[in-house]
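In the text below, chain A, chain B and the rest are named by the order of the sequence lines, each starting its count at 1.
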2 protein chains.
Amino acid sequence: MSTTHTGVPTALPHPVPAAEYQACPVTDVLQLLGDKWTLLLISLLGQRPYRFNELHRAVDGISQRMLTRTLRTLETDGLVEREVFPTVPPSVEYRLSPLGTSLLEPVSALAGWAVTHHGEIVAARGRR
Amino acid sequence: MSTTHTGVPTALPHPVPAAEYQACPVTDVLQLLGDKWTLLLISLLGQRPYRFNELHRAVDGISQRMLTRTLRTLETDGLVEREVFPTVPPSVEYRLSPLGTSLLEPVSALAGWAVTHHGEIVAARGRR
DNA sequence: CAGAATCCGGATAGATACTG
DNA sequence: CAGTATCTATCCGGATTCTG
């Protein structure tokens, strides 16, 4: 194996095939959580169930469309359960599924890191 | 406080002002990690330092432009350090900063959850 | 009340060509 | 080798309108 002046091997010990990391569970989950509203909705639903317009009012700034879309994605991925009450007018309740609830723990760990270190990130950004 | 037939209070105990969650450290960090390449690059750089084209070869499918942009963002946010060796041809090495290294731990926790539960998500998606 | 449908602008990301 | 510059296709998300 040839090396450069830096001592870094030029041959790769672990090449990453596209098919692998595109299906990477971690990347997939991170992208699921990384959008604009998902995490906030999960944390709200982690407190208690919410109804649609209740969420709409709770999350200042979210559009009806994005609230619907984000909830649909979470429902499709099995993190949120949607229950329709056939009343007039209709009422729909959203709650975390057991799977979604289990997600609260590792998210909290990352949230803890974020709270602790976000200042450093902001400081680094401030330097350029 | 009035309640509905579902027993859910209509008054919100915890309204979420836009200014708050838009600056939310957790949302900020999650969005930082949630893009297409960031997590993969962090995990690679968590193993050892890499040079630019070495990363380009390691991450099959990434464009030169996106590799540059993603690394720049990570550098700007203080998670990755960039060292230039004034050789001919030039050589640039990327490594995790201490801040970036500290991120490996909570990311691993979330990664563990992802590995454990990704099948359930995929299964849920499969049902619709 | 809880949405669906449509339209649209800005951001995102890939491909390509060029350079110190 | 390690980028930059440019162009372009696509996606994301907001606003608006309409409905069972």
Side-chain angles (χ1 to χ4, degrees), chain A residues 2-12 18 21-22 27 30-41 49-76 80-95, chain B residues 2-6 8-10 12 18 21-22 27 30-41 49-76 80-95:
Chain A
S2 69
T3 56
T4 68
H5 66 285
T6 61
V8 176
T10 51
L12 290 172
Y21 67 78
Q22 283 180 2
T27 295
L30 261 289
Q31 289 187 16
L32 170 63
L33 301 180
D35 82 304
K36 195 169 179 179
W37 306 109
T38 295
L39 183 73
L40 180 60
L41 290 178
Y50 274 81
R51 288 172 54 192
F52 185 85
N53 275 345
E54 207 181 4
L55 282 173
H56 199 187
R57 285 187 296 269
V59 183
D60 189 26
I62 195 172
S63 65
Q64 215 171 33
R65 170 184 148 86
M66 288 314 297
L67 178 55
T68 301
R69 280 176 50 96
T70 306
L71 287 171
R72 284 288 181 277
T73 298
L74 287 171
E75 189 194 359
T76 298
V80 161
E81 291 166 355
R82 175 176 179 272
E83 186 176 8
V84 181
F85 298 93
T87 56
V88 179
S91 168
V92 179
E93 195 171 285
Y94 293 90
R95 68 184 70 240
Chain B
S2 69
T3 56
T4 67
H5 66 285
T6 61
V8 175
T10 51
L12 289 173
Y21 66 79
Q22 282 179 3
T27 296
L30 261 288
Q31 289 188 15
L32 170 63
L33 300 179
D35 81 304
K36 194 169 180 179
W37 306 109
T38 295
L39 183 74
L40 180 59
L41 291 178
Y50 274 80
R51 289 172 52 192
F52 184 83
N53 276 346
E54 209 180 2
L55 282 173
H56 198 187
R57 285 186 297 270
V59 182
D60 190 26
I62 195 173
S63 65
Q64 216 171 31
R65 171 184 148 86
M66 287 316 296
L67 179 55
T68 301
R69 280 178 51 96
T70 306
L71 287 171
R72 285 286 181 279
T73 299
L74 287 171
E75 190 195 357
T76 298
V80 161
E81 291 166 355
R82 176 177 179 270
E83 185 175 7
V84 181
F85 297 92
T87 58
V88 179
S91 170
V92 179
E93 197 171 283
Y94 293 90
R95 71 183 69 241

Heavy-atom pair of closest approach, residues [X] and [Y]:
X: Leu67(B); Y: Phe52(B); value: CD2-O, 3.6 Å
X: Arg51(A); Y: Ser91(A); value: NE-OG, 3.2 Å
X: Leu32(A); Y: Asp35(A); value: O-OD1, 3.5 Å
X: Ile62(A); Y: His56(A); value: O-NE2, 3.2 Å

Practice task
For DNA chain C, note the earliest and the latest nucleotide, 5' to 3', having some atom under 4.0 Å of a heavy atom belonging to chain B.
Solution key: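 So the outermost contacting nucleotides come out as dA13(C) to dG20(C).
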Problem - Proximity to the side chain of Phe52(B) - top-ranked nucleotide from dG14(D), dT4(D), dA2(D) - result: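 Looking only at side-chain atoms, Phe52(B) lies closest to dA2(D).
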Problem - OP1 or OP2 of dC1(D) under 4.0 Å from side-chain N/O of Tyr94(B) - result: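 Indeed not, no polar side-chain atom of Tyr94(B) lies that close.
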Handout entry: CZ on Arg69(B) to OG1 on Thr76(B), rounded to 0.5 Å
Key =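 So the OG1 of Thr76(B) and the CZ of Arg69(B) are separated by 11.0 Å.
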Practice task
Enter the distance from Leu39(B):CG to Thr27(A):OG1 here, rounded to the nearest 0.5 Å.
Solution key: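 Reported value, rounded in 0.5 Å steps: 5.0 Å.
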In whole angstrom, what separates [X]'s [atom1] from [N]'s [atom2]?
X: Glu93(B); N: dG3(D); atom1: CD; atom2: P; answer: 12 Å
X: Leu71(B); N: dC1(D); atom1: CG; atom2: C1'; answer: 14 Å
X: Arg51(B); N: dC1(D); atom1: CZ; atom2: P; answer: 7 Å
X: Met66(A); N: dC11(D); atom1: CE; atom2: P; answer: 14 Å
X: Glu54(B); N: dC1(D); atom1: CD; atom2: P; answer: 11 Å

Side chains of [X] and [Y], heavy atoms from C-beta outward: is any pair under 4.5 Å?
X: Leu40(A); Y: Val59(A); answer: yes
X: Arg95(B); Y: Glu93(B); answer: yes
X: Val84(B); Y: Arg82(B); answer: yes
X: Leu41(A); Y: Tyr50(A); answer: no
X: Leu55(A); Y: Leu71(A); answer: yes

Practice task
Compute the angle between the rotation axes at the two ends of the helix from dC1(C)-dG20(D) to dG20(C)-dC1(D), each taken over five pairs, rounded to 10 degrees.
Solution key: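 Here the local axes at opposite ends form an angle of 50°.
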Completion exercise
Going 5' to 3' through nucleotides 15-20 of chain D and flagging B where a protein heavy-atom sits under 4.0 Å of the base, S where only the sugar-phosphate is that close, and - otherwise, we get B----B
